[in-house]
Amino acid sequence: MTTSVPAGFVPFATTTGFIAHNGPYYARMLDDGGYEYGFRSDAARHGNPNGVLHGGSVLGFVDTILGHLVVHTTRRPCATVSLDSRFIAGAPPGAWITGHARIRSLTKSMAFVDAEALAGDRLLLTATSVFRIFPDPATRQAT
């Protein structure tokens, strides 16, 4: 199993909690200003009894990249309100998993975001989500 990370990917700043356990996750900036995300799966943490990636490991990755894109775009904290997913195919542990996310619509307090996860050219999962965007803690007034 290879453990290399493709060129241009840098680790997420968050290195604790679930993100650290399921990851590490990586991102690289694309020419259009968007991101491509990735993580190296492994059998010990990401495999299921059927010998493929557990859907929860891929879904956790997708939820994280959706939130990352919302925070990057709005510069404000957010939380997942809903996440609908469709599992399309499986991949063996050890695969480099990539993800892409895009904002469909953005309001003052909500973001509507889509994502997909792939192993190479194989589409693993698609998702649509809604995120609550919170006021910037630095500008929030005391009540």
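Since this is a predicted model, take the numbers as computed values, not measurements.
With sequence neighbours excluded, no residue forms a side chain to side chain donor-acceptor pair (under 3.5 Å) with T128.
The two residues N22 and H46 come nearest to each other via the heavy atoms O-NE2, 2.7 Å. The nearest pair of heavy atoms linking R40 to G94 is NH1-O, 3.1 Å. Annotation for L125 and A127: closest pair CD2-CB, 4.1 Å, computed over non-hydrogen atoms. When all heavy atoms are compared, the tightest approach of A95 to S41 is O-OG, 2.8 Å. Of all heavy-atom pairs spanning I65 and A101, the tightest one is O-CB, 4.3 Å. Taking both residues in full, the closest heavy atoms of C78 and G67 are given as SG-O, 3.8 Å, listed atom of the first, atom of the second, then distance.
For residues 45-62, the pairs satisfying salt bridge (charged side-chain N to carboxylate O under 4.0 Å, His left out) are D42-R45, with sequence neighbours left out. Applying the salt bridge (charged side-chain N to carboxylate O under 4.0 Å, His left out) rule to pairs touching residues 76-94 yields nothing, sequence neighbours excluded. Sorted by first then second residue, the salt bridge (charged side-chain N to carboxylate O under 4.0 Å, His left out) pairs that include residues 114-135, not counting sequence neighbours, are R102-D114, R104-D114.
Heavy-atom neighbours of D31 CG from other residues, nucleotides or ligands within 6.0 Å: at or below the threshold of 12. Within 6.0 Å of NE2 in H100 there are more than 12 heavy atoms belonging to other residues, nucleotides or ligands.
The shortest distance between side-chain heavy atoms of L66 and V70 does not fall below 4.5 Å. Side-chain contact between L53 and N48 is absent, with no heavy atoms from C-beta onward closer than 4.5 Å. With contacts defined as side-chain heavy-atom distances shorter than 4.5 Å, the pair R28/Y35 does not qualify. Looking at heavy atoms from C-beta onward, F61 lies in side-chain contact with Y37 at the 4.5 angstrom threshold.
No continuous path of ILVMFWY side-chain contacts below 4.5 Å connects I19 to Y26, so the two sit in separate hydrophobic clusters. In the hydrophobic clustering of this structure, L30 does not group with V62; members are Ile, Leu, Val, Met, Phe, Trp, Tyr whose side-chain heavy atoms approach within less than 4.5 Å, directly or through other members. Residues V71 and M29 do not share a hydrophobic cluster, defined by chaining ILVMFWY side chains whose heavy atoms lie under 4.5 Å apart. Note: the hydrophobic cluster containing L106 also contains V113 (ILVMFWY, side chain heavy atoms under 4.5 Å, direct or indirect links). Transitive grouping of hydrophobic side chains (ILVMFWY, heavy atoms separated by less than 4.5 Å) keeps V52 and L59 in distinct clusters.
Taking CZ of F9 as the reference point, atom CZ of F39 lies at 12.0 Å (rounded to 0.5 Å). For the atom pair NZ of K108 and OG1 of T74, the computed distance is 13.0 Å after rounding to the nearest 0.5 Å.
A side-chain donor-acceptor contact under 3.5 Å links D63 and T80.
Here F112 is tied into one hydrophobic group with V81, M110, V130, each link being a pair of ILVMFWY side chains closer than 4.5 Å. Cluster partners of L118 are I88, L123, counting Ile, Leu, Val, Met, Phe, Trp and Tyr whose side-chain heavy atoms approach within less than 4.5 Å, directly or via other members.
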Could you walk me through whether Y25 and T64 pass side chain to side chain contact (heavy atoms under 4.5 Å, CB included), step by step? CA-CA 9 Å; Y25 296 147; T64 302; 3.6 Å; yes
